[in-house]
Protein chains: 2
Amino acid sequence: MDVYRALADETRRVILDELTARDGQTLFEICATLMSRHGVTISRQGISQHLDVLEAAGLVATERRGRTKLHFLTPEPLAEISRRWPTTGRPRP
Amino acid sequence: MDVYRALADETRRVILDELTARDGQTLFEICATLMSRHGVTISRQGISQHLDVLEAAGLVATERRGRTKLHFLTPEPLAEISRRWPTTGRPRP
DNA sequence: ACTATATGCAAGTATCCACTTGCATATCAA
DNA sequence: TTGATATGCAAGTGGATACTTGCATATAGT
C-alpha cells in the first residue's frame, strides 16, 4: 500500500536492485544472492517479510510455480514520486 | 543523508507538498498551513524535527532571514530514485 | 532595557518496525 | 508413503523514531 515506506529500508532497496538485475527470482534465489553478492545477513523469513511489504506496495508481483514463488519487479508505483515532486523545471529564486 | 527514510513519513511528504505549492516559507508559516489546510495536528517542535530530517536528506535548503528561517524545496535528490529503478522500458515477460 | 516573536536544544515516552525463532503447510522425487 | 525442498504463519524481542514537554537563545520593536 505505502510505496514510500517500502523504500525506507535498505534491504528492500537491495532486493529491488537484485530484481532489476535479474527478474523472476524465487525466494531462495533472492536469499542466496543477498547473502553472497550483497553481504546481507538476515534470515529467510526476514527476506520473506520484506518481499511481502514490497508486494503490498505494488513494487513486486508474485507468481506461484509449483513449490516455488517467482518474484517480478513492477516499478510503476515509483512514477508517483517524480510526478508528485518534479525534479526539473523548478526555478530557485 | 537518507532520502528514502525522509520520504517514509506522511507528515514530511505533506511538508514537501506545501513547499511545492509555495516555496520559501518559514517554520511558523509551515506550521499554520499544515494545521489549517492539511489537517495535521502536531507541535511546532515536531514539524521542526521533520524539517531537520528533510534538510539532512538534501530535500530542503534553509536560509536565515532575521529571526525567521526560510525553507526552500530542493528536490534533486529524488532523481536518484527514478535513475535507480527506471519505470519505463522494462518489458514484463 | 524590556517584551514579544521566532526558533533551537534536550530529555522522556510510546508506538512502530525489523528481525528471529519455532512450528506448520505444500510440492516434488524416490 | 517417506523424505527432502520451498514457502507460510505467528508470537516475541530489541531498537529505532515520531511526538511531546520544558527550558533556552536570538532577533525585532517599543
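Convention: sequence-line order gives letters A, B, ...; per-chain numbering from 1.
- For B/His71 and A/Gly46, each mapped to the nucleotide of DNA chain C holding its nearest heavy atom, the one lying further toward the 5' end belongs to B/His71.
- Phosphate contact (OP1/OP2 of C/dG8, side-chain N/O of B/Arg44, threshold under 4.0 Å): absent.
- Using a 4.5 Å cut-off on side-chain heavy atoms (C-beta onward), B/Val53 and B/Asp2 make no contact.
- Using a 4.0 Å cut-off between charged side-chain N and carboxylate O, A/Arg83 and A/Glu80 make no salt bridge.
- The side chain of B/Ser43 places an N or O atom within less than 4.0 Å of a non-bridging phosphate oxygen (OP1 or OP2) of D/dT20.
- The line from CD of B/Glu55 to OG1 of B/Thr74 is 8.5 Å long, rounded to the nearest 0.5 Å.
- Taking A/Arg65 as the reference, A/Glu63 meet the salt bridge (charged side-chain N to carboxylate O under 4.0 Å, His left out) condition, with sequence neighbours excluded.
- A heavy-atom distance below 4.5 Å is found between the side chains of A/Ile30 and A/Leu34.
- Rounding to whole angstrom units, CD of residue B/Glu10 and C1' of C/dC16 are separated by 16 Å.
- Counting to the nearest Å, the P atom of D/dG12 and the CD atom of A/Gln49 are 15 Å from each other.
- Rounded to an integer number of Å, the gap from CG of A/Asp9 to P of C/dC16 is 18 Å.
- Closest to the side chain of A/Gln45, from the set D/dT17, D/dA11, D/dG8, is D/dG8.
- Taking a cutoff of 4.0 Å between a charged side-chain nitrogen and a carboxylate oxygen, B/Arg12 and B/Asp17 do not qualify as a salt bridge.
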Please list, pair by pair, any protein nitrogen or oxygen found under 3.5 Å from a nitrogen or oxygen in nucleotides 28-30 of chain D.
| unit_1 | atom_1 | unit_2 | atom_2 | d |
| --- | --- | --- | --- | --- |
| D/dA28 | O4' | B/Arg67 | NE | 3.4 |

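- Put simply, B/Arg12 has no side-chain N or O that comes within less than 4.0 Å of OP1 or OP2 on D/dC19.
- If you take CD1 of B/Ile47 and C1' of C/dG8, they are 15 Å apart, rounded to a whole angstrom.
- Residues B/Trp85 and A/Leu59 fail the side-chain proximity criterion, which asks for heavy atoms closer than 4.5 Å.
- Atoms CD1 (B/Ile42) and P (D/dT17) sit 16 Å apart, rounded to a whole Å.
- Remark: B/Lys69 is not in phosphate contact with D/dT27, judged by side-chain N or O atoms under 4.0 Å from OP1 or OP2.
- For the OP1/OP2 pair of C/dC17 and a distance below 4.0 Å, the side-chain nitrogens and oxygens of A/His50 include no atom meeting the criterion.
- Across all their heavy atoms, A/Pro77 and A/Gly58 have their closest contact at CG-O, 3.3 Å.
- Here the C1' atom of nucleotide D/dA16 and the CZ atom of A/Arg5 are 13 Å apart, to the nearest Å.
- Distance B/Leu51 CG to C/dA6 P: 16 Å, rounded to the nearest Å.
- Near DNA chain C, defined here as any heavy-atom distance below 4.0 Å, the residues from residues 25-40 of chain B are B/Thr26, B/Leu27, B/Phe28, listed numerically.
- For C/dT27, the OP1/OP2 oxygens have no side-chain nitrogen or oxygen of A/Arg64 closer than 4.0 Å.
- Atoms OH (A/Tyr4) and C1' (C/dC16) sit 21 Å apart, rounded to a whole Å.
- The side chain to side chain contact (heavy atoms under 4.5 Å, CB included) test with A/Ile15 is passed by exactly one of A/His38, A/His50, A/Glu10: A/His50.
- The shortest non-hydrogen separation linking B/His71 to B/Leu51 is CE1-CD1, 3.5 Å.
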